[in-house]
Amino acid sequence: MTRRLSGPAGKIAVDDGGTGPAIVFLHSLAGHTGQWTAQLEHVRTSRRGVALDLRGHGRSEPPSDGEYRIQPQVADVDAAVDALGLDRFAVVGHSFGAGVALEYAAARPARVTRLVVADPIGDGTQTPEEEIRPFLEALDSPGYTETIEGYWSSIAGSDGAVLERLLADLRATPRETVVQGLHAVMAYDPKPALARLRAPTLAVITPANDFPYSMHKVPPGLPHRVIEGTGHWLQIERPAEFNRILDQFLGQENG
């Protein structure tokens, strides 16, 4: 069931279903709850699966304060889970959503049982300036569409149908949301949250996510699993493998 709940900066769309121990899913930049369809269908056979549209995405409203940084979105998650009556739950985040998931788990250790970060963003403060500046300048220019669609195409896998789906999602996302979100990614420092993290955590990554500043490599480091043969949206391109890893990790909740 999908409904919109009141959040601190606007309405938040939530897809909620199933019964049992809860899992909260947070999508990537220019994504929406539908990017978790395969996971929601899978987990709802035995669990409660909840997916949020992040602020400015999908059916959620753009933030009234224009704030797209990662840390303030912890309050959006709080508003949603409080309205749904969730007390303790696992959190799964992809890419940008993995940053929000990390910040949430670090800020709310009593609520998060386990954390999965799927091909997460890394330490943007350590990304070489010569790589960041031209990209961000191009996003702020009339060449936005060519730049962002070219970048999306470069990090997606080889499945043309998946790429068209992702590009459609990208085009449906307001430019302001995408640009401000990417600025937030490039400014993001996960080290404080990683230092406070208490929940058992697993990173599920693609082979391309292998930089000194990748989240799973930022000290003290995270246990990780690699899914081969996929682009950045690994939960869409390799859903069966992703779901198996998810089942195995979450099955240890009471172990």
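Nothing here was measured: the structure is a model prediction, and the numbers come from that model. Only this structure's heavy atoms are used, side chains among them; waters, hydrogens and symmetry mates stay out.
- Two residues are said to be in side-chain contact when any heavy atoms from C-beta on lie closer than 4.5 Å; Leu167 and Glu164 meet this criterion.
- The two residues Leu86 and Arg111 have their closest heavy-atom pair at O-NH2, 2.6 Å.
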Practice item. Please step through side-chain contact (heavy atoms from CB on, under 4.5 Å) for the pair Asp159 and Thr230, ending with a clear verdict. Key: CA-CA 9 Å; Asp159 188 320; Thr230 178; over 6 Å; no
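- Contact check for Arg4 versus Val14: no side-chain heavy atoms found under the 4.5 Å cut-off.
- Contact of the Pro212 side chain with the Gln126 side chain is not registered, since no non-hydrogen atoms from C-beta on lie closer than 4.5 Å.
- In the hydrophobic cluster analysis, where Ile, Leu, Val, Met, Phe, Trp and Tyr join through side-chain heavy atoms closer than 4.5 angstrom, Leu54 is grouped together with Val178.
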Exercise for review: Begin with the C-alpha distance, continue with both residues' side-chain angles, and end with the deciding distance and a verdict on side-chain contact (heavy atoms from CB on, under 4.5 Å) for Phe25 and Val50.
Suggested key: CA-CA 6 Å; Phe25 293 89; Val50 176; over 6 Å; no
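- Here the CZ atom belonging to Arg114 is positioned 9.0 Å from the OG1 atom belonging to Thr201, to the nearest 0.5 angstrom.
- Residue Tyr68 is not grouped with residue Leu26 when hydrophobic side chains (ILVMFWY) are merged at heavy-atom distances under 4.5 angstrom, including chains of intermediate members.
- Other members of the hydrophobic cluster containing Phe211, listed by chain and number, are Tyr213; membership follows side-chain contacts under 4.5 Å among ILVMFWY residues, whether direct or relayed.
- Under the 4.5 Å side-chain heavy-atom criterion for ILVMFWY residues, no single connected hydrophobic cluster contains both Val226 and Phe242.
- Summarising the geometry, atom NE2 belonging to His183 is positioned 10.5 Å from atom CD1 belonging to Ile132; distances are rounded to the nearest 0.5 Å.
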Review point. Can Arg48 and Thr19 be said to form a side-chain contact (heavy atoms from CB on, under 4.5 Å), step by step?
Key: CA-CA 4 Å; Arg48 185 176 181 181; Thr19 58; 5.7 Å; no
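- The pair Arg55-Glu67 does not count as a salt bridge, with every side-chain nitrogen at least 4.0 angstrom from each carboxylate oxygen.
- A salt bridge is defined here as a Lys NZ or Arg NE, NH1 or NH2 lying under 4.0 Å from an Asp or Glu carboxylate O, and Arg44 with Asp15 meets this definition.
- Considering only heavy atoms from C-beta on, Leu182 comes within 4.5 Å of Leu139 through its side chain.
- Between Glu241 and Gln235, every side-chain heavy-atom pair lies at or beyond the 4.5 Å cut-off.
- Residue Ala101 comes nearest to Leu115 through the heavy atom pair CB-CD1, 3.7 Å, listed as atom of the first residue, atom of the second, then distance.
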Review point. Are Arg175 and Gln180 close enough, and set up right, to give a side chain to side chain donor-acceptor pair (under 3.5 Å), and what steps lead you there?
Key: CA-CA 8 Å; Arg175 176 175 176 170; Gln180 293 305 316; over 6 Å; no
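- The 12-atom threshold is not exceeded at CD of Glu146, counting heavy atoms of other residues, nucleotides or ligands nearer than 6.0 Å.
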Practice item. Test Ser60 against Lys11 for side chain to side chain donor-acceptor pair (under 3.5 Å), laying out the working first. Key: CA-CA 6 Å; Ser60 290; Lys11 294 290 187 181; over 6 Å; no
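- Around CZ of Phe135, the count of heavy atoms belonging to other residues, nucleotides or ligands within 6.0 Å exceeds 12.
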Exercise for review: Test His42 against Asp247 for side chain to side chain donor-acceptor pair (under 3.5 Å), laying out the working first.
Suggested key: CA-CA 10 Å; His42 177 72; Asp247 285 346; 2.7 Å; yes
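- The shortest heavy-atom contact between Ala193 and Tyr188 is CB-OH, 4.4 Å.
- Asp53 places a side-chain N or O within 3.5 Å of a backbone atom of Arg59 that can act as its donor or acceptor partner.
- Considering every non-hydrogen atom in both Val112 and Ala199, the closest pair reads O-CB, 3.7 Å.
- In this structure the side chain of Leu52 reaches within 4.5 angstrom of the side chain of Val77, judged on heavy atoms.
- Between His57 and Phe96, every side-chain heavy-atom pair lies at or beyond the 4.5 Å cut-off.
- Side chain of Thr45 to backbone of Glu41: no donor-acceptor contact under 3.5 angstrom is found.
- Here the shortest heavy-atom pairing between His216 and Ala203 reads CB-CB, 3.9 Å.
- With rounding to the nearest 0.5 angstrom, the CZ atom of Arg47 is 4.5 Å from the CD1 atom of Ile23.
- Taking 4.5 Å as the limit, some side-chain heavy atom of Leu166 sits within range of a side-chain heavy atom of Ile236.
- Atom CD in Gln39 sits 7.5 Å away from atom CG in Leu246 (nearest 0.5 Å).
- Taking the six-membered ring where tryptophan is involved, the planes of His232 and His94 are tilted, since the angle between them lies from 30° to 60°.
- Using modelled atom types, one side-chain atom of Glu237 and one backbone atom of Gly231 make a donor-acceptor pair closer than 3.5 Å.
- Of the residues listed (Asp123, Leu194, Val218, Ile70), the one engaging Asp189 in a side-chain contact (heavy atoms from CB on, under 4.5 Å) is Asp123, and it is the only one.
- Between Asp76 and Pro8, the closest heavy-atom pair is OD1-CG, 3.2 Å.
- Taking CD1 of Ile227 as the reference point, atom CD1 of Ile245 lies at 4.0 Å (rounded to 0.5 Å).
- Between the Thr177 side chain and the Gly56 main chain, a donor and an acceptor come within less than 3.5 Å of each other.
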Review point. Please walk me through it: do Glu228 and Arg238 pass salt bridge (Lys or Arg N to Asp or Glu O under 4.0 Å)?
Key: CA-CA 9 Å; Glu228 303 279 351; Arg238 292 289 184 274; over 6 Å; no
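- Following chains of ILVMFWY side-chain contacts shorter than 4.5 Å, one cannot reach Ile205 starting from Leu234, and the two form parts of different hydrophobic clusters.
- In this structure, the separation between NZ on Lys191 and CZ on Arg196 is 13.5 Å, given to the nearest 0.5 Å.
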Exercise for review: Report the C-alpha separation of Leu222 and Lys217 in whole Å, then their side-chain angles, then the decisive distance to 0.1 Å, and conclude whether the side-chain contact (heavy atoms from CB on, under 4.5 Å) test is met.
Suggested key: CA-CA 7 Å; Leu222 295 174; Lys217 289 190 171 183; over 6 Å; no
Review point. Does the side chain to side chain donor-acceptor pair (under 3.5 Å) test come out yes or no for Ser95 and Asp119, once each step is laid out?
Key: CA-CA 6 Å; Ser95 192; Asp119 220 34; over 6 Å; no
